[in-house]
Amino acid sequence: MALFYFFLCTLFALSLSFCGTSAVNYQVTNDASNTPGGIRFTNEIGIPYTKQLMRTINNYVWTTILQQSDPADRKHVPTMTIYIVEYKGAEAIAYGDNINVSSVYLEGYEGDLKWEFTSLLHHEITHVFQWDGEGKAPLGLVEGVADYTKLKANYAQVGFAKPGTGNKWDQGYDFTARFLEYCDGIVPGFVAKLNKMMRFSFDVKYFEDLTGKPVDQLWQEYKAKYGNVV
């Protein structure tokens, strides 16, 4: 009986562990299946690959970028859904637990579409799971963290900002991603630590709290390191 009880307890613990790391339900809907871009999605990417990719990137964001080994630190996302939609504009848009991907963009992309789609989802899925100080963090910083994921996962596209480029630390996207990479070199796990601090609020002083230097000084030293003038 004792052995049986131990077995049940072990199964229960494993079940809790599994639920803590794999509780997200992944859904994909191609609402543009009859358009050129939607057809290209079906032929070159497909729903099965996309669901697999969502799971892989989700775990990468949790374990490597945000370093949230404790499920209590993670944003609660019961279901994440990707919609392939026919619209002109941004390549993709994340809102809440959903991501819209433009079939018009997929139609016109020249090159390895599956690679580009994978790069795109590294950025957008980060938005689903990152903290933004309940909307108080600068948009440029939020976008920079998402592009930092692409950079660390080796999915930075041709033309991605070089180290030391940019006009200000919160310029956004690849420019801010490079600055965050620099900060992470000073304080290992910087992006994960900053993200944790931004769960409920944001203060630019978080940079100084983590590195001992104000963000403006960090930016000046970052530019100087690569021979650029602020």
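Counting from 1, the numbers follow the sequence of the chain as shown.
The nearest pair of heavy atoms linking Y148 to A177 is N-CB, 3.5 Å. Of all heavy-atom pairs between L106 and R40, the closest is O-NH1, 2.9 Å. Summarising the geometry of S103 relative to G38, their closest heavy-atom pair is CB-N, 3.8 Å, with the distance given to 0.1 Å.
Defined by atom type and a distance below 3.5 Å, a donor-acceptor pair is present between the side-chain atoms of T118 and Y49. Side-chain contact, N58 with Y26: a donor N or O sits under 3.5 Å from an acceptor N or O. Of the N and O atoms on the side chains of Y95 and N100, at least one donor lies less than 3.5 Å from an acceptor on the other residue. If you check the side chains of Y105 and E116, you find a donor sitting under 3.5 Å from an acceptor.
Residues L113 and L53 fall within the same hydrophobic cluster, defined by Ile, Leu, Val, Met, Phe, Trp and Tyr side chains chained together at heavy-atom separations under 4.5 Å.
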Next item on the list: List the steps and the verdict of ring-ring contact (aromatic ring centres under 6.0 Å, His included) for Y222 and W169.
Entry: CA-CA 10 Å; Y222 164 67; W169 70 268; over 10 Å; no
Check: Between F117 and F41, is a ring-ring contact (aromatic ring centres under 6.0 Å, His included) present by the stated rule, with each step listed?
Finding: CA-CA 9 Å; F117 184 76; F41 168 80; 5.8 Å; yes
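Counted within 6.0 Å of OH on Y109, heavy atoms from surrounding residues, nucleotides or ligands total more than 12; the atom is thus considered enclosed. When the shell of 6.0 Å around NZ of K193 is examined, it contains more than 12 heavy atoms from other residues, nucleotides or ligands. Crowding of K162 atom NZ: a count of heavy atoms from other residues, nucleotides or ligands under 6.0 Å not exceeding 12.
With values rounded to the nearest 0.5 angstrom, I125 atom CD1 is found 4.0 Å from I57 atom CD1. Between M80 atom CE and R55 atom CZ the span is 9.5 Å, to the nearest 0.5 Å. The CD atom of E107 lies 7.0 Å from the OG1 atom of T35; values are rounded to the nearest 0.5 Å. Rounded to the nearest 0.5 Å, atoms OG (S102) and CD (E86) are 8.5 Å apart.
Using a cut-off of 4.0 Å between Lys/Arg side-chain N and Asp/Glu carboxylate O, K213 and E221 are scored as salt-bridged. Salt-bridge annotation for E181 and R178: present, with a side-chain N of the basic residue lying under 4.0 Å from a carboxylate O of the acidic one.
The side-chain heavy atoms of K150 and L120, taken from C-beta on, include no pair separated by under 4.5 Å.
Formation of a donor-acceptor pair under 3.5 Å by the R199 side chain with backbone atoms of W131 is not found in this model.
Under the side chain to side chain contact (heavy atoms under 4.5 Å, CB included) test applied with F207, the options D216, L141, V187 reduce to a single match, L141.
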